[in-house]
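What follows is one structure encoded as structure tokens, with my remarks underneath.
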Amino acid sequence: MAELTTTKLNAESHLLLDQPLLRMPHELSRRNQKTAQRYVENGTKDALSALSAATKLASKSSDPAATLASLDGLISKMTGLKRKLETLHEEEMRLHRSNRARLSHLQDLHEVQSLVDVKYDEWSRTRLSRLLVDYLLREGYSESAAHLAASQGIEELVDVDAFVACYKIERNLREERNTQAALNWCKENSKELRKQGSMLEFELRLQQYIELVRQGHEAGGGNTDSDMDGDGMHGVSLDARAREKGEEKLVEARVHAKKYLSTSGDFELLGKAAGLLAYRPWDQVKPYSDLYSPDRWTHLAHLFLTTYHTLYSLPPRPLLHIALSAGLSALKTPACHAAETAPTTMPLTSSSGHPHPIASTSVCPICSTELNELARNVPYAHHSKSLVESDPIVLPNGRVYGKERLRLFNEKVGVENGWVRDPVEGLGGEKWKEHEVRKVFIM
């Protein structure tokens, strides 16, 4: 009965990690539908306006060529609208296919009854491939992620294109220091961002203002004398033109701030922004130097990623990290890091069998050299009941077994009386006398 309980599969608990699997295509489909609605509304308005103009032209003009030209323009607009809608329709059908594939993938898990079923192994391998693709996409390895998805046949279970578009904008901010692509994205999702109370667009507009002020100070603060003539008049002319250009940039910055920043309501930040007009980038005066700092671009890139993940209901951390943390927490016990604070006489080895000063056993994954550091800050699991056998004993090599199960194994393999062998090592391994085996007390 206990064996049946431990191997029974709970599909609902497994699917907690797979909620983003359906949320992303749902959000993409909703955005696709909003785009199609906007195209239809704008196209209808343009068509009615063009048709009205053609009707008036036909009734007032005796020149049929002008009327035909007006109708040709109307047909051209309708053809362009049709082409746009066909593209959106193809994208919608792709999203529907993806949704069907994902629902089928999740339904396959509900048809598996046991953790030892071979179908569960197949489903788990598919999920592992999905988690690896998600991790590669978040780390910027889009080509590797696409190749992995294609080799495993899971293209419809992952969102390669969406992540590629996201990280293209992120690199645009972080490396190229250009806000235009991010602002276009904000415009496409303006309604949803307003509902969330997102500050992304304001921060991007603020950065545009900062760059205008920076250009104004740099243009007005330079002094070009390489082309001066003997009396210096040509240099004065160049300097005057530079100051004029700098003033134009500062005026442009004030107009920009009035248009995009004045309605934010954050008067403290607006005061700092206004102070930039008086303090130049090289003055190094706080807090204005922080606004001029190149670190602002890293902040904007991180803010965009956070906003993008929130909008599409994606976790901020890679799903692979979440799954790995859950697994480590389920296995972790207080004894896993005890060797760091207390001496031990146990053999210290890694999972591959090599000696290591931290690990206390080669069986425990947490104590292995590969996972010990990663599991350091992971919480301990809360176990409502113990699955340890009622009579545990420990062999001299550090492995723990139930006393009765160890006795039955040694009888089955024909070990002589008074001696025991490790079931893992079998007949080829070392054997010990029974008095060397110690009883284990569960704390």
Side-chain angles (χ1 to χ4, degrees), residues 16-17 19-39 41-42 95 134 137-138 159 161-174 176-213 253-276 287-288 290-319 321-322:
L16 289 175
L17 191 64
Q19 293 181 13
L21 187 65
L22 296 179
R23 287 179 177 175
M24 173 65 92
H26 171 73
E27 292 295 333
L28 292 175
S29 180
R30 183 186 55 77
R31 190 183 68 172
N32 197 63
Q33 191 268 336
K34 291 290 184 182
T35 303
Q37 183 180 2
R38 185 172 67 252
Y39 283 163
E41 290 176 353
N42 294 337
L95 291 172
D134 174 83
L137 288 171
R138 289 172 183 264
D159 303 290
D161 293 339
F163 273 99
V164 168
C166 169
Y167 283 91
K168 181 179 180 181
I169 298 176
E170 187 266 347
R171 284 194 300 271
N172 226 355
L173 289 169
R174 189 188 303 273
E176 299 179 18
R177 299 185 177 183
N178 190 323
T179 59
Q180 194 55 51
L183 284 171
N184 292 339
W185 182 85
C186 289
K187 184 178 180 180
E188 294 174 0
N189 300 276
S190 57
K191 186 176 180 180
E192 291 76 16
L193 294 178
R194 282 196 300 270
K195 287 181 179 179
Q196 292 181 1
S198 172
M199 294 292 291
L200 175 60
E201 185 174 0
F202 173 79
E203 291 281 354
L204 293 170
R205 294 297 184 185
L206 175 60
Q207 189 63 36
Q208 285 184 323
Y209 167 80
I210 293 170
E211 295 306 314
L212 287 172
V213 174
R254 287 193 289 268
V255 173
H256 178 89
K258 185 177 180 180
K259 181 177 181 180
Y260 295 110
L261 305 181
S262 59
T263 58
S264 69
D266 190 343
F267 297 107
E268 181 181 357
L269 185 57
L270 288 175
K272 294 178 182 179
L276 295 178
Y288 310 106
D290 294 335
L291 294 177
Y292 282 124
S293 172
D295 294 339
R296 278 272 308 168
W297 291 103
T298 302
H299 164 70
L300 289 174
H302 178 72
L303 179 61
F304 171 76
L305 285 181
T306 303
T307 305
Y308 189 93
H309 292 160
T310 302
L311 185 63
Y312 291 112
S313 302
L314 295 171
R317 297 171 57 201
L319 294 173
H321 286 184
I322 298 174

**Item:** Glu211/Gln207 under side chain to side chain donor-acceptor pair (under 3.5 Å): CA gap, chis, key distance, verdict
**Value:** CA-CA 6 Å; Glu211 295 306 314; Gln207 189 63 36; 2.9 Å; yes

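- Across all their heavy atoms, Leu305 and Cys166 have their closest contact at CD2-SG, 3.5 Å.
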Q) Passes side chain to side chain contact (heavy atoms under 4.5 Å, CB included), Arg174 versus Trp297? Steps please. A) CA-CA 5 Å; Arg174 189 188 303 273; Trp297 291 103; 6.0 Å; no

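- Side chains of Gln180 and Asn184: a donor on one and an acceptor on the other come within 3.5 Å.
- Ser313 places none of its side-chain heavy atoms less than 4.5 Å from the side chain of Pro20.
- Residues that satisfy the side-chain hydrogen bond (donor to acceptor under 3.5 Å, both in side chains) test with Gln37, not counting sequence neighbours, are Glu41.
- Heavy atoms only, all atoms of each residue included: Ala162 and Leu28 are closest at CB-CD1, 4.3 Å.
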Practice item. For the pair Leu204 and Leu173, evaluate side chain to side chain contact (heavy atoms under 4.5 Å, CB included) and give the outcome as yes or no after the intermediate values. Key: CA-CA 10 Å; Leu204 293 170; Leu173 289 169; 3.9 Å; yes

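- A pairwise comparison of heavy atoms in Leu291 and Arg296 identifies O-CG, 3.5 Å as the closest pair.
- Taken to the nearest 0.5 Å, the CG atom of Leu311 stands 11.0 Å off from the NE2 atom of His309.
- Side-chain contact between Tyr167 and Asn172 is absent, with no heavy atoms from C-beta onward closer than 4.5 Å.
- A pairwise comparison of heavy atoms in Asp134 and Pro318 identifies OD2-CA, 3.7 Å as the closest pair.
- Taking NZ of Lys168 as the reference point, atom CD of Glu176 lies at 9.0 Å (rounded to 0.5 Å).
- For the residue pair Glu192 and Gln196, no side-chain donor N or O sits within less than 3.5 Å of a side-chain acceptor on the partner.
- Thr310 places a side-chain N or O within 3.5 Å of a backbone atom of Thr306 that can act as its donor or acceptor partner.
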- Task: Would you sort out whether Leu183 and Arg205 count as a side chain to side chain contact (heavy atoms under 4.5 Å, CB included), showing the intermediate values?
- Result: CA-CA 8 Å; Leu183 284 171; Arg205 294 297 184 185; 3.7 Å; yes

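- Closest approach of Pro316 to Arg138, counting heavy atoms only: O-NH1, 3.5 Å.
- In this structure Glu27 satisfies the side-chain hydrogen bond (donor to acceptor under 3.5 Å, both in side chains) test together with Arg30, sequence neighbours excluded.
- The ring of Tyr288 has its center no closer than 6.0 angstrom to the ring center of Tyr292.
- Of all heavy-atom pairs between Tyr209 and Ala273, the closest is OH-O, 2.7 Å.
- Taking SG of Cys186 as the reference point, atom CD of Glu203 lies at 11.0 Å (rounded to 0.5 Å).
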Between Val255 and Tyr260, does the side chain to side chain contact (heavy atoms under 4.5 Å, CB included) criterion hold? Intermediate values first, please. CA-CA 9 Å; Val255 173; Tyr260 295 110; over 6 Å; no

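- To the nearest 0.5 Å, atom NZ of residue Lys272 and atom CG of residue Asp290 are 7.5 Å apart.
- Within a 6.0 Å sphere centred on NE2 of His302, other residues, nucleotides and ligands contribute 12 heavy atoms or fewer.
- When only modelled atom types and interatomic distance are considered, Arg31 and Tyr312 share a side-chain donor-acceptor pair under 3.5 Å.
- Taking CG of Leu137 as the reference point, atom CG of Asp159 lies at 8.5 Å (rounded to 0.5 Å).
- Separation of atoms CG (Asn178) and CD1 (Ile169) is listed at 11.0 Å; rounding is to 0.5 Å.
- With hydrogens and angles ignored, the 3.5 Å screen pairs no side-chain donor or acceptor of His256 with any backbone N or O of Leu206.
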